[in-house]
Each structure stands twice: as C-alpha cells, then as structure tokens.
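Below: the structure, in structure tokens.
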Protein chains: 2
Amino acid sequence: MAGRSREGGKRPVVPPAAGQPRAASTTSQHTSSDPQQPISRGAGARQRVLQAALQVLDDDGLPGFTMEAVARRAGASKATLYRRWPTLGALMIDAMDATFQPFSVPETGRVETDVEQLLTALVTLLEHTPFPRLLAAFIGAVERDPALAALHADLTRRRREPLLVVLDRARERGELPPDLDPEVVTDLLTGPFFYRRFIAHRPIPPDMVNDVITHVLTTPRRRTDQPT
Amino acid sequence: MAGRSREGGKRPVVPPAAGQPRAASTTSQHTSSDPQQPISRGAGARQRVLQAALQVLDDDGLPGFTMEAVARRAGASKATLYRRWPTLGALMIDAMDATFQPFSVPETGRVETDVEQLLTALVTLLEHTPFPRLLAAFIGAVERDPALAALHADLTRRRREPLLVVLDRARERGELPPDLDPEVVTDLLTGPFFYRRFIAHRPIPPDMVNDVITHVLTTPRRRTDQPT
DNA sequence: TGTTAACAGTACGGTAGCGTTCCGATGGAG
DNA sequence: CTCCATCGGAACGCTACCGTACTGTTAACA
C-alpha cells in the first residue's frame with residue numbers, strides 16, 4: 001500500500017540552492033563534472049542518483065532516506081549505489097555538496113544595500129526553495145556523523161563568505177567602525193533568519209531584513225550612562 | 001549485534017531542559033502529574049516511557065525513534081505505548097512537552113545584566129545538555145508533521161517569554177528606546193547562538209554573549225550620513 | 001481482603017530495508 | 001566493428017519494525 005509512488009521521478013524538486021549565477025564550489029574535491037568533458041556514462045548515473053537523493057530527503061526526511069528509496073527514485077540499481085557510496089552518510093555528503101552554490105558578492109557601493117541584497121536572497125532561499133527542508137534533515141543527521149558535521153561546517157563557511165567580503169570592503173571604505181568583528185556581525189545578521197525558520201517556526205515578515213540591518217549595522221556605543 | 005544495550009535504562013540522559021527552578025508550563029494540557037496527587041500506576045509508566053523516548057531520540061536520532069525502541073528502553077510493552085499514543089508524533093510531542101521548563105526571569109535592575117543571565121543560561125543549555133540533540137531531531141520531524149510544528153512554535157514562544165519580559169521592563173524603566181521592537185531584538189539576541197550550534201556547527205566563544213549584547217542593545221541610529 | 005484495571009511479556013503475519021551476488025543488456029572507446 | 005566496463009534488474013537470506021492480540025501478574029483502591 002502507501003502508493004509505491006510509481007518511481008517515475010520526473011519532479012524538479014531541487015533547483016540549485018542559490019538563485020545566483022554559479023561560481024565553482026572551491027573546496028570540494030568530490031564533485032568534478034567539469035563542463036568540458038562530455039558527461040560519460042558513469043557521471044550521468046551519478047548525477048541522477050545525487051538528485052534523487054535530494055528528492056528523497058526533501059520528501060521523506062531522514063527516516064525515509066534509504067539506499068533502496070534513492071535507488072528506486074533514481075531508476076538505478078542498489079548495486080550501482082553501493083559501488084560508489086559505501087554508506088548513506090557518504091551519499092548524503094556528495095548530494096548536499098553537489099547542490100550547493102554560494103551567493104555572488106554584490107557591489108552597490110553601500111554596505112546597507114549590499115547586505116540587504118544578500119539577506120533578501122537568504123530569505124528567498126529559506127521561504128521559496130526546498131533548501132530548508134534539506135537543511136532540517138541534514139541538521140539531524142549531522143549530530144551523529146562527524147563527516148557530515150565537517151561538511152556542514154565547510155558549507156556554512158562558504159555560505160558566509162560573501163557577507164564577510166561585503167563587510168570587509170565596507171570597513172575599508174570607512175563605512176563601518178574598524179573595531180567591528182565581521183564574524184559576530186555575520187552571526188547577528190543571518191542568525192535571526194535561520195532562527196525564525198527552524199526554531200521559532202514562524203513566517204519572516206517583509207520588513208525583517210531592514211529591521212535587522214538597522215539594528216545591527218549601527219555604530220556600537222556602550223551604555224556606560226544608565227538612568228537611576 | 002550492536003549491543004542490545006541491556007535495556008536497564010538507568011542513564012540520566014535528560015535532566016530538565018532548563019537549569020532554573022521550575023515554573024509550571026502553562027499552555028500544556030497534556031502533562032498533568034500535579035505534585036499533590038501520588039504518582040498512580042499509570043502515571044509512573046507514562047513517565048518512564050516519556051523519558052525513554054527522549055533517551056532514544058538523543059541516542060539514535062529520528063531514524064532510530066521507534067515504538068519498539070522506546071518500549072524496549074522503557075521496559076514497557078508495545079501495547080502500553082499504543083494504548084496511550086496512537087502515533088510516533090504524539091509520543092514525541094508529549095515527550096518534548098513534558099521535559100520543557102522555561103527560564104525564570106532575572107531581576108538585576110539592569111537590562112544588560114538580565115539579558116546576560118538569560119543568554120548565558122541559553123549557551124549552557126546548548127553546550128552542556130542533551131537539549132540540542134533533541135532539538136536537532138525535532139527540527140527534522142517538525143518539517144513533516146503539522147502537530148509537531150504547532151508544539152514547536154508554542155515551546156519557542158514560551159522560551160522567548162522571559163527575554164521579552166526583561167526587555168519590556170527595561171523599556172518601562174527607560175533603559176531602552178520606546179520605539180524598539182522587543183520581538184526583533186529577541187530574534188537578534190538569541191538567533192546567533194542557535195545559528196552557531198545548529199547551522200555553523202562551531203563552538204560558541206566565551207565572549208560571544210557580551211559581544212552580542214553590545215551590538216544589539218544599542219540605541220539604533222540610522223546611518224543617514226554616509227561618507228563619500 | 002477482594003476486585004479490577006493497568007501492566008510486562010510474548011507471539012503473530014506482514015512489510016521494508018539491508019548488503020551482496022549474479023546475469024544479461026548497452027553504450028563509449030579503440 | 002569489437003570489446004568491455006558499467007549499468008539495471010532481480011533475487012538472496014537476514015534483521016527490524018509494524019500493529020494487534022492474548023497471556024498471566026501486580027499494584028491501587030474499596
């Protein structure tokens with residue numbers, strides 16, 4: 001019962017994680033598939049499997065993420081999967097890594113506008129793509145697999161980089177105080193949106209991007225003076 | 001094999017989620033066990049099962065969270081579980097709800113100190129208790145179960161409340177500008193820590209609490225003046 | 001002390017995933 | 001055109017979980 005789902009597997013569940021033009025994901029030594037070499041037989045199957053893996057993860061979550069399920073959805077045989085990925089974790093790593101694309105760095109000339117672009121893109125990613133569901137499953141898996149944890153840290157680092165670049169440039173231009181810590185500011189800027197989506201599980205209001213920017217991108221001045 | 005773990009179940013895996021004195025969780029109509037009524041036979045088994053559920057979730061994550069596994073760990077029969085909880089989701093809801101305890105509201109007289117206490121407690125919760133692992137599994141489950149999503153939103157609301165109270169009081173005392181939005185500030189204050197733990201998957205440095213407070217609890221002043 | 005509801009334990013048939021093996025088909029490279 | 005690595009499909013025995021049903025025991029309450 002439960003509808004075997006007719007494994008056709010045509011659904012376009014997973015567009016690339018970022019809506020921006022793609023820049024090669026540098027740190028990954030797994031994914032190759034350089035555009036010049038004609039997708040050989042092996043590479044074709046590999047791509048299908050990785051995409052199917054993301055679809056399964058998106059549809060059924062961690063409990064449904066199974067070698068059998070992925071093979072079924074990819075129209076591949078289990079032997080093919082086991083030939084390449086010895087474990088579910090390895091498959092998940094490759095699948096997540098292959099999908100990831102970082103945002104491109106905006107250059108509007110003003111910090112606020114640059115940051116606004118990046119945060120707006122983040123909100124879109126969180127609200128209108130399958131990315132958050134994948135990430136939610138990923139978060140659970142990461143707790144029990146050090147290899148996944150390492151990849152997760154790496155992906156996050158790459159995702160943070162555009163924002164860090166924007167903040168650094170702004171600081172060089174004098175738009176931000178030099179004693180400001182870009183790492184902390186990045187946490188402050190992006191943390192609340194992830195928090196809303198995954199912890200508070202509430203919608204992200206349209207003004208939130210600007211509210212966050214207003215609160216964070218402000219010359220920090222300690223409140224040494226306190227009333228009463 | 002993998003060691004059936006000899007179901008003894010003595011491990012204290014789950015101390016109450018908050019390290020603070022317990023205040024009755026108001027919104028929950030499930031959990032009863034008022035301290036005056038002597039833990040009847042049923043309630044005793046119920047408690048054991050709920051605790052076992054959290055242990056299983058903590059140890060094996062979502063994929064290992066199974067009626068059989070919980071019953072085994074609780075030393076209960078499956079019939080007992082099915083008698084009370086028709087589905088895994090219902091069991092998870094009760095288990096998470098029963099464990100939750102909100103922080104108590106500090107009253108040091110200064111916003112910064114109050115907030116510092118709450119955030120420090122949060123960091124402790126995130127770094128030295130099983131809470132984050134439970135939450136990680138929970139986040140994954142929530143994506144596919146509306147009932148869990150509702151409970152999650154409710155739990156988060158209750159968890160935010162102490163911080164909101166502190167901010168409100170501070171505003172009444174004039175320590176904070178009246179046009180400040182407590183909801184956004186709460187997101188800004190707590191979001192980064194969850195982000196570090198679950199997304200960036202990096203350690204939370206000791207200074208981070210104070211850094212965040214410094215950056216956020218500042219009179220927001222828009223940068224209408226920009227250089228160049 | 002006797003009654004009764006809740007309990008642990010066990011067993012059931014059924015389904016699903018595991019990891020591996022073999023076979024025959026097929027497409028790309030020489 | 002031929003060769004051969006790669007692929008899909010199917011089957012293997014095995015284990016685990018499902019949801020339900022039926023035992024005999026035990027603790028709470030009258």
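Lettering follows sequence order; numbering is per chain, from 1.
- For the atom pair CG of A/Leu62 and CZ of B/Arg144, the computed distance is 9.0 Å after rounding to the nearest 0.5 Å.
- For B/Arg72 and D/dC17, the shortest distance from a side-chain N or O to OP1 or OP2 is below 4.0 Å.
- When the C1' atom of C/dA16 is taken as reference, atom CG of A/Asp60 falls 13 Å away, rounded to whole Å.
- Side-chain nitrogen and oxygen atoms of B/Arg83 include at least one within less than 4.0 Å of the OP1 or OP2 phosphate oxygen of C/dC7.
- B/Tyr82 places its OH atom 15 Å from the P atom of C/dA8, with the value rounded to the nearest Å.
- For the pair A/Leu91 CG and C/dG17 C1', the computed distance is 15 Å after rounding to whole Å.
- To the nearest 0.5 Å, atom CE of residue A/Met92 and atom CG of residue A/Leu54 are 9.5 Å apart.
- Annotation for B/Asp187 and A/Pro192: closest pair O-CG, 3.9 Å, computed over non-hydrogen atoms.
- Distance A/Gln47 CD to D/dC7 C1': 16 Å, rounded to the nearest Å.
- Ring-plane geometry between A/Phe194 and B/Tyr195 is classed as tilted, the angle between the planes lying from 30 to 60 degrees on a 0 to 90 degree scale.
- The distance between atom CZ of B/Arg48 and atom P of C/dC7, rounded to the nearest whole Å, is 9 Å.
- Among the nucleotides D/dG9, C/dA8, D/dC7, the one closest to the side chain of A/Ala79 is D/dG9.
- In terms of phosphate contacts, B/Arg46 brings no side-chain nitrogen or oxygen within less than 4.0 Å of OP1 or OP2 of C/dC7.
- Side chains of A/His152 and A/Leu135 form a contact here, defined as non-hydrogen atoms less than 4.5 Å apart.
- Here B/Thr80 reaches the OP1 or OP2 of C/dA8: one of its side-chain N or O atoms lies under 4.0 Å away.
- Counting only heavy atoms from C-beta outward, the side chains of B/Arg158 and B/Gln101 never approach each other to under 4.5 Å.
- Counting to the nearest Å, the P atom of D/dA16 and the NZ atom of B/Lys78 are 13 Å from each other.
- Per the geometry, CZ belonging to B/Arg84 stands 18 Å off C1' belonging to D/dG19, to the nearest Å.
- Counting non-hydrogen atoms under 4.0 angstrom, B/Ala71 reaches nothing in the nucleic acid.
- For the contact set between residues 62-70 of chain B and DNA chain D, defined by any heavy atom under 4.0 Å, the members are B/Thr66, B/Met67, B/Glu68.
- For the pair B/Arg73 CZ and D/dC17 P, the computed distance is 12 Å after rounding to whole Å.
- Two residues are said to be in side-chain contact when any heavy atoms from C-beta on lie closer than 4.5 Å; A/Glu161 and A/Val105 fail this criterion.
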